[in-house]
Amino acid sequence: MQPGRTFEDFYRAEWASVRRAVGFAVGEAELARDCVDEAMTRAYERWDQVGRMDRPAGWVYRVAINQARNRGRRRKVEWARRPAPLAPGPGADTVADTVADPAIAAAVALLPVEQRAVVVLRFYLDWSTEEVARALDIAEGTVKSRLHRALRRLENSLREPA
């Protein structure tokens, strides 16, 4: 943490990128927004601990992803296995709008959520594998394994004729 960094500074600097990353991972902009807001609230309540972390945004990301999973279970929707929708409702923003190649966004949307989560953090937010592991609270080897499988799937799906 940067000395003297307040929660408000953190929130202003990180909310949008974390919301986009969670949206990309879960495939629903509104769900992502709600879950990131909840995770930010929890970070605020625990700012003394969270603010001292190397990557507080990683903690918020993990909490938001877990929140989205819990909501998905409650709704009895297997969102982790379904493709992330690329066509939002009116006025909604999408990750597809910020990704240079829509084919890549569509291929990432087809990945299982565990693979999507590591791909988004590693390549969309440009975090190191160590930072991704800390953020998701998994071993660095697990990050590398998920990345390897995800990249193989992406390569195969992008190679297939449209």
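Counting from 1, the numbers follow the sequence of the chain as shown.
Among all heavy-atom pairs drawn from A150 and V119, the shortest one is CB-CG2, 3.5 Å. Minimum interatomic distance between V26 and A68 (heavy atoms only, all atoms of both residues): CG1-CB, 3.7 Å. Taking every heavy atom of both residues into account, A107 and S157 meet most closely at CB-OG, 3.5 Å. Contact detail for V60 and A39: the closest heavy-atom pair is O-CB, 3.5 Å. The two residues R116 and G27 come nearest to each other via the heavy atoms NH1-N, 4.1 Å. The two residues A25 and A117 have their closest heavy-atom pair at CB-CA, 4.3 Å.
Distance check: Y11 OH to T6 OG1 gives 13.0 Å after rounding to the nearest 0.5 Å. Atoms CD and CZ, from E114 and R149 in turn, are 9.5 Å apart once rounded to the nearest 0.5 Å. Note: F7 CZ to D48 CG = 12.5 Å, rounded to the nearest 0.5 Å. Expressed to the nearest 0.5 Å, how far CZ of R52 lies from CZ of R46 amounts to 13.5 Å. Distance check, rounded to the nearest 0.5 Å: CG of L121 to CZ of R55 gives 9.0 Å. Between the CG atom in D126 and the OG atom in S17 there is a gap of 12.0 Å [rounded to 0.5 Å].
Proximity of a side-chain donor or acceptor of R69 to a complementary backbone N or O of I65 within less than 3.5 Å is not detected. With hydrogens and angles disregarded, a donor-acceptor distance shorter than 3.5 Å links the side chain of E131 to the backbone of S128. With hydrogens and angles ignored, the 3.5 Å screen pairs a side-chain donor or acceptor of T41 with a backbone N or O of D37. Although no hydrogens or angles enter the test, the distance criterion places no donor-acceptor pair under 3.5 Å between the side chain of R19 and the main chain of R33.
With respect to the salt-bridge test (charged N to carboxylate O, under 4.0 angstrom), the residues R12 and E8 do not qualify.
The aromatic ring centroids of W15 and F10 lie 6.0 Å or more from each other.
Looking at heavy atoms from C-beta onward, N156 lies out of side-chain contact with R153 at the 4.5 angstrom threshold. Side-chain atoms of F123 and L147, non-hydrogen and from C-beta on, do get closer than 4.5 Å to each other.
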H148 and R152: CA distance, side-chain angles, deciding distance, side-chain contact (heavy atoms from CB on, under 4.5 Å) verdict
CA-CA 6 Å; H148 176 76; R152 195 167 1 134; 3.3 Å; yes
Going through the checks in order, is the side chain to side chain donor-acceptor pair (under 3.5 Å) test met by R146 and T142?
CA-CA 6 Å; R146 287 179 185 177; T142 302; 6.0 Å; no
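Considering R122, E140, R134 as possible partners of T129, the one that fulfils the side chain to side chain donor-acceptor pair (under 3.5 Å) test is E140.
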